[in-house]
Amino acid sequence: MRIPLDRDSAERPPLARQIQEHLERLIRQGLLGPGIKLPATRELARELGVNRTTVSQAYEELVASGWARAHVGQGTFVAERPVERGAVGPVRAPRLDWSGTVSKAAQIASADARRRQAFQIARPGPGVISFAGGMPDSALFPTEAFGQVIGRVIRDEGRELLQYYPASGYPPLREYLAQYLLRFGMEVRPEEILIVNGSQQAFDLVTRTLVDPGDTVAIEDPSYPRAVQVFRAAGAQLLPLPLTSSGDGWGGLSVPALERVLSRQVPKLLYCQPGAHNPTGATMEEPARQRLVELAARHRMPILEDGFDAGPFYLARPPAPLKAMDPAGVVIYVGTFSKILFPGLRLGWVVAAPELIERLETAKELADIHTSPLLQAAVHRFCERHLLERHQARVLREYTERRARLLGALDRLMPPGVTWSIPRGGFCLVVTVPGDASVLLARALARGVAFVPGNAFFVDGGGERMLRLSFSSVTPAEIEEGVRRLAEAVRDLERQPGPAVAPREAAVPLV
């Protein structure tokens with residue numbers, strides 16, 4: 001325990017008194033709670049460089065004053081109900097008001113987080129069926145197999161992997177990814193891959209490397225909220241671009257809308273999700289993808305491609321990623337193991353031109369030095385033994401069933417006037433209702449079902465009549481009942497469209 005002692009001042013109190021007053025203050029402020037055992041007198045005397053008798057005198061005064069209790073053979077403990085005393089100790093400087101010292105970027109991030117918080121859903125309680133969490137079902141995680149792999153990796157490579165490591169990543173994993181991405185048409189070398197702590201860090205590193213405050217970032221509208229937060233925190237001006245409509249309600253980014261923008265200005269960066277779009281589940285068609293890459297190459301506009309191509313895809317084989325159509329090297333592809341293995345791994349990758357990877361690697365070294373080499377090696381070993389392929393096949397069957405259950409239940413149970421997108425990939429879809437989805441949320445929660453209102457995914461407002469349903473973490477048995485409750489809430493909203501207040505509890509992450 002560190003106790004500052006004044007040993008030089010002519011007017012200083014005795015050392016025993018200084019120790020006593022310091023401990024009194026800690027007890028008064030609740031930093032030493034009732035029942036806490038104080039350090040042994042011999043131990044504290046050695047640490048402070050004083051005589052043991054000095055500490056004993058301080059403890060005796062604490063006991064006499066009612067701040068502590070001494071138990072023979074056990075030690076000295078903070079009293080269960082310390083006495084209140086008039087003395088308040090030394091005058092302390094007022095606490096620093098941190099709100100006036102944080103950077104402009106932090107202020108923007110906080111404001112955006114507060115705005116997004118209004119759209120987050122209370123953590124589901126007992127009996128609540130939640131379509132709010134766009135994450136894989138943890139009940140499907142291959143935890144036993146992965147635990148065995150980690151044990152083997154520690155045994156075989158632990159000494160090296162538990163040391164500091166190059167920021168670029170575990171070489172065998174980068175080599176594996178180069179081969180893995182070939183199946184999606186991406187011909188990349190290991191030196192064009194950077195291992196990062198999930199796609200969120202990838203967004204941050206790319207933004208800090210390419211975007212200055214005031215730069216324009218074009219983005220799909222609706223889009224992934226956490227990417228929006230990163231761009232806003234960097235001081236970027238966001239330029240929303242609409243999605244196209246298709247036979248199932250939504251298509252990918254509107255290339256004609258982008259062409260109109262490029263006739264006037266060239267954004268510093270374009271962010272898009274051409275495959276398994278969050279929140280709509282839409283997938284951009286191959287001709288539109290080809291046209292998008294050609295436009296970006298002609299105007300020298302980098303594209304940040306949020307790749308979900310390795311995730312579940314429910315219809316025909318998905319079109320090739322933008323990066324596979326990119327001879328000019330304008331596409332930055334971001335992939336992650338969060339949706340195909342475990343979100344808690346926080347393990348992803350960036351594929352880009354070597355000269356940009358070098359800059360991103362420098363930014364990563366400044367941010368966190370490196371991603372856990374132990375986890376990288378474990379994932380590599382897991383993949384090398386074809387365990388990832390088996391897991392993907394298993395979860396694809398499961399999520400395919402849940403998607404079919406959800407679409408079937410919506411078709412049977414929803415009242416006329418309600419429409420929804422047909423997801424070709426991913427974990428979610430968008431429902432459009434006759435009224436305000438934020439008002440509907442209160443009615444739905446009262447019936448024990450949760451979702452995310454659609455305006456959480458729009459850059460500058462919009463989507464008031466939309467809501468996102470995620471089916472990945474809802475069991476097939478719950479899906480039918482959840483849609484039935486939601487349909488009842490929709491009918492109630494049609495009868496009484498007035499406002500209602502939703503209960504607020506701990507919020508779940510908006511993913």
Side-chain angles (χ1 to χ4, degrees), residues 112-122 129-135 219-229 232 238 240-246 248-254 271-273 276-283 306 403 406-407 410 414-415 417-445 447 449-474 482-483 485-487 489-494 497 499-502 507-511:
D112 199 54
R114 286 192 296 271
R115 187 175 77 88
R116 297 288 172 190
Q117 195 173 37
F119 306 129
Q120 291 182 338
I121 308 305
I129 298 172
S130 178
F131 293 102
M135 60 193 75
I219 187 170
E220 297 160 320
D221 204 33
S223 191
Y224 179 49
R226 292 196 178 276
V228 172
Q229 289 176 308
R232 278 202 167 120
L238 296 185
L241 298 171
L243 301 182
T244 61
S245 59
S246 67
D248 53 16
W250 294 86
L253 172 72
S254 172
Y271 167 80
C272 65
Q273 308 168 75
H277 180 270
N278 183 1
T280 66
T283 293
D306 189 349
R403 170 186 176 274
L406 178 57
L407 291 173
L410 290 170
M414 279 296 168
V418 177
T419 60
W420 50 89
S421 60
I422 308 296
R424 297 177 62 183
F427 293 155
C428 56
L429 55 79
V430 164
V431 177
T432 303
V433 296
D436 189 323
S438 295
V439 177
L440 175 64
L441 177 60
R443 316 290 175 91
L445 287 171
R447 286 169 170 79
V449 63
F451 59 81
V452 179
N455 46 9
F457 303 93
F458 283 78
V459 174
D460 293 318
E464 290 80 6
R465 296 176 54 231
M466 299 176 188
L467 56 99
R468 188 191 74 174
L469 298 183
S470 298
F471 53 85
S472 54
S473 55
V474 189
V483 173
R485 297 178 188 181
L486 181 59
V490 171
R491 292 187 179 92
D492 180 57
L493 181 65
E494 291 175 333
V501 179
V508 299
L510 185 55
V511 295

Exercise. Hey, what do you get for OG1 (Thr280) to CZ (Arg468), rounding to the nearest 0.5 Å?
Worked result: 11.0 Å
Problem set entry | Check: Ser438 and Glu464 side chains under 4.5 Å, non-hydrogen atoms | no
Exercise. Between OG1 of Thr283 and NE2 of His277, what distance do you get to the nearest 0.5 Å?
Worked result: 10.0 Å
Exercise. Just by distance, do the side chain of Arg424 and the backbone of Gly281 share a donor-acceptor pair under 3.5 Å?
Worked result: no
Problem set entry | Non-hydrogen atoms of Pro434 and Val490 that approach each other most closely | CD-CG1, 4.3 Å
Exercise. Is there a side-chain contact between Thr419 and Val431, using heavy atoms and a 4.5 Å cut-off?
Worked result: no
Problem set entry | Test side chain to side chain contact (heavy atoms under 4.5 Å, CB included) applied to Phe458 and Pro279, Pro222, Pro225, the passing residue | Pro222
For this session: Any chance you could measure Leu410, atom CG, to Leu469, atom CG, to the nearest 0.5 Å?
Result: 6.5 Å
Problem set entry | Residues that Asp492 engages under side-chain hydrogen bond (donor to acceptor under 3.5 Å, both in side chains), provided they are two or more places apart | Arg443
Problem set entry | pair Leu406-Trp420: side-chain heavy atoms closer than 4.5 Å | no
For this session: Take Val452 and Phe457 through the test side-chain contact (heavy atoms from CB on, under 4.5 Å) and record every step on the way to the result.
Result: CA-CA 9 Å; Val452 179; Phe457 303 93; 3.6 Å; yes
For this session: Looking only at non-hydrogen atoms, find the nearest pair between Gly134 and Phe427 and report the distance.
Result: O-CD1, 4.1 Å
Exercise. In Å and rounded to the nearest 0.5 Å, what is the OG to CD distance from Ser223 to Gln273?
Worked result: 5.0 Å
Exercise. Once you round to the nearest 0.5 Å, how far does SG of Cys272 lie from OH of Tyr224?
Worked result: 15.5 Å
For this session: Compare all side-chain heavy atoms of Phe131 with those of Cys428 and state whether any distance is below 4.5 angstrom.
Result: no
Problem set entry | Passing option when Asp221 is tested against Leu238, Asp460, Val459, Leu243 for side chain to side chain contact (heavy atoms under 4.5 Å, CB included) | Val459
Exercise. Do Leu241 and Glu220 have side chains that get closer than 4.5 Å, going by heavy atoms?
Worked result: no
Exercise. Is there a side-chain contact between Ser245 and Trp250, using heavy atoms and a 4.5 Å cut-off?
Worked result: no
Seminar exercise, completed: Heavy-atom closest pair (Ser470 atom, Ala132 atom, distance to 0.1 Å) is OG-O, 4.3 Å
For this session: Indicate the atoms forming the closest heavy-atom contact of Ser254 with Thr244, along with that distance.
Result: CA-CG2, 3.5 Å
Problem set entry | Audit row: Gln229, Arg226, side-chain contact (heavy atoms from CB on, under 4.5 Å) steps and yes/no | CA-CA 5 Å; Gln229 289 176 308; Arg226 292 196 178 276; 3.8 Å; yes
Exercise. So, for Ala444 and Leu486, which heavy atoms are closest and what is the spacing to 0.1 Å?
Worked result: CB-CD1, 4.3 Å
Exercise. Which heavy atom of Leu440 sits nearest a heavy atom of Leu493, and at what distance?
Worked result: CB-CD2, 3.8 Å
For this session: Measure the spacing between CG of Leu467 and CG of Leu429 and express it to the nearest 0.5 Å.
Result: 9.0 Å
